[in-house]
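Presented below is the structure to which this report refers.
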Amino acid sequence: MEFNILSLIYLLASITFIVGLKMLSHPTSARKGNAVAAAGMTLAIFGTIFLYNEEGETLGNYGWIFAGLAVGSVVGTLAARRVKMTAMPEMVSLFNGMGGACAALISIVEFDHLMQLLDGPGVLILMLADEPGALLGLVIIILLGLIIGSVSFAGSMVAWGKLNGSLRDFSFRGQQAFNIGLLFLIVGLAVYLAVALPANALLLFYVIFALSILYGLFFVFPIGGADMPVVISLLNSFTGVAAACGGFLYDNKVMLTGGILVGAAGTLLTILMCKAMNRSLTNVLIGAFGGNTATAAAGQSQGAYKEISLSDAAVVMSYANKVMIVPGYGLAVAQAQHACHELEKLLTSKGVEVGYAIHPVAGRMPGHMNVLLAEADVSYEKLLEMEQANEEFPTTDVVLILGANDVVNPAAKADPGSPIYGMPILDVELAKHVIVNKRSMKPGYAGIENDLFFRPKTSMLFGDAKKVLQDLITEVKNS
Amino acid sequence: MSSVFNWIHQHQAIIYIVVLMIFVGIEVIGSVPSVLHTPLMSGANAIHGVVIIGAIIVMGKAEADNYLALALGFLAVVLGTLNVVGGFVVTDRMLEMFSKKKKSS
């Protein structure tokens, strides 16, 4: 009876996942959708704990289970509550890695368990004799869960490290060949292990585990930081598939539906993100950003740029009719969204029309800037999407670029040799004057020079975005 | 080869679920605006935390003297919970920003 109730709970949870995901993809219902999915998840977790039953045996070790749940909930909530809005992308990557690791651990325990059963009195073998292929299927599922889970875990950790700046891009000659070789080796060993089940199966299993971790590391190492959102989304769908393997293993429908749902939606989301940047997935994965950066703009990088003083910038902006602010990652790093909103209000009170031009991939993740500016209470109508903003630029007097770089790089339109060629950009050059705030002349995350900084219309305003904005506010007040 | 067909036959229901879920997953988020990419990814991230159920089963079935299973199972439960709870909370925080924005507009 209890187990039948659990089936119903799983069905309900599966439905909440689908409905939740559907609601998450519409701005008005997104928050409710998240809550719906969370409710379904809670139901499924507690249903499993109290009602799960396998051939008459219920689950034990309640102390351990609740301790684990408590530790995970407290740490997870604290981490998620405390994290700064700017560090959100890293956090998602970190949590994704945890899920991958969880899937891999399940596979490790289950394989160990399976090996013990096979060594045992042979009950299992008798049981399996009725079902040819069952053992093979079981081993394949366990291995799939292990490999995908480990790759997702290791890859997410690298993505996390890259986004918080503790890991640099790293690649070596022939890395693609090395990666492909490694992948073939893993698949080859896994097939051998599954088909032959040799005496040293357990050792081989751990070798596959280690190689998968290694592959995860080398898979993400060469990919540039600007592509991390795409990679995280891809690894996200990997973890979904790994979770689905668990569903196969335990014949558990909710794990299966949840996992596959995320696997499919995550893959599509990855492709949509690539489209927003006008790049192909293969392009991202093979890492065009990593390889040919030197060729693109090396010749022009020696040009002269001009600086503008704070007071001049303040005057130019105070007497403009229309100012467009282009926020980028520099604004996020400096936590300057509130100062930015201050400046916007001040300028508006002086009769200047102020808008924000939001590139779909500004910051480190699609939608990142919208979230940040919303946090600072910037009103919705002031945020212009790329197409709208590009229509506004010809009538704009001053464009203030705050720590954005690649999304305003004209090379994306003009230079077919540039790694970001073809990415839609904000045409800030259509405006009368462009002020660029950056910390230094160092190239942006894609690692390429930006010609815009050397154009006659452009003047540079160096410094930390928050400091510069605060100083600008003071200057504007005085002018 | 026949064992493969056999295996497929025995797991028909599951294979149907997989195929249909792939289409549902694609269909459901097909028209998402790019502003919502990040929250959606984060929400999906929380949903695949459903792997926690596997971890609970592993933990619950572990024999009291099997320390490997106990230790790894416990770790799996902690990591899985992190994924679920952290994932949903982070997503909610992101979306909170959006709803605040709606009120002020």
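Only this structure's heavy atoms are used, side chains among them; waters, hydrogens and symmetry mates stay out. Protein chains get the first letters and strands the later ones, always in sequence-line order, with residue 1 at the start of each.
- Looking at heavy atoms from C-beta onward, B/Met41 lies in side-chain contact with A/Met273 at the 4.5 angstrom threshold.
- A donor atom on one side chain and an acceptor atom on the other are found under 3.5 Å apart for A/Asn96 and B/His48.
- Chain A forms the most heavy-atom pairs under 4.5 Å with one residue out of B/Ala62, B/Ala64, B/Ser31, and that residue is B/Ala62.
- Using a 4.5 Å heavy-atom cutoff, the side chains of B/Leu36 and A/Pro27 are in contact.
- You'll find the side chain of B/Ile17 stays beyond 4.5 Å of the side chain of A/Ile260, heavy atoms only.
- Each of A/Ala265, A/Gly259, A/Gly47, A/Ala35 has some count of heavy-atom pairs under 4.5 Å with chain B, and the biggest count is that of A/Ala265.
- Highest contact tally toward chain A, considering only B/Ile57, B/Ile52, B/Val32, is held by B/Ile57 [criterion: heavy-atom pairs under 4.5 Å].
- With a 4.5 angstrom heavy-atom cutoff, A/Phe238 does not touch chain B via any of its atoms.
- Proximity of A/Thr42 to B/Val84: side-chain heavy atoms (C-beta onward) are nowhere separated by under 4.5 Å.
- Within the 4.5 angstrom heavy-atom criterion, only side-chain atoms of A/Ile108, from C-beta onward, approach chain B.
- The parts of A/Ala103 that come within reach of chain B are both its backbone and its side chain, each placing non-hydrogen atoms under 4.5 angstrom from that chain.
- Counting heavy atoms from C-beta outward, B/Val51 and A/Thr239 have side chains that stay 4.5 Å or more apart.
- Within the 4.5 angstrom heavy-atom criterion, no atom of A/Glu57 approaches chain B.
- Contacts with chain B were tallied for A/Thr48, A/Leu272, A/Val71, A/Leu269; A/Leu269 has the most, counting heavy-atom pairs under 4.5 Å.
- Heavy atoms of A/Asp112 lying under 4.5 Å from chain B belong exclusively to its side chain.
- When side chains are defined from C-beta on, A/Tyr250 does not count as touching B/Ile53, because their heavy atoms never get closer than 4.5 Å.
- Residue A/Ser25 comes nearest to B/Leu40 through the heavy atom pair N-CD1, 4.3 Å, listed as atom of the first residue, atom of the second, then distance.
- In this structure, the side chain of A/Arg31 does not engage the main chain of B/Met94 through any donor-acceptor pair within 3.5 Å.
- With a 4.5 Å cut-off on side-chain heavy atoms, B/Leu68 and A/Val109 do not count as touching.
- Contacts classified as salt bridge (Lys or Arg N to Asp or Glu O under 4.0 Å) and involving residues 57-83 of chain B (residues at least two apart or in different chains) are given here: A/Glu54-B/Lys61.
- The salt bridge (Lys or Arg N to Asp or Glu O under 4.0 Å) analysis of residues 10-20 of chain B, with sequence neighbours excluded, yields no pairs.
- Taking the six-membered ring where tryptophan is involved, the planes of A/Trp64 and B/Phe74 are perpendicular, since the angle between them exceeds 60° and thus also 30°.
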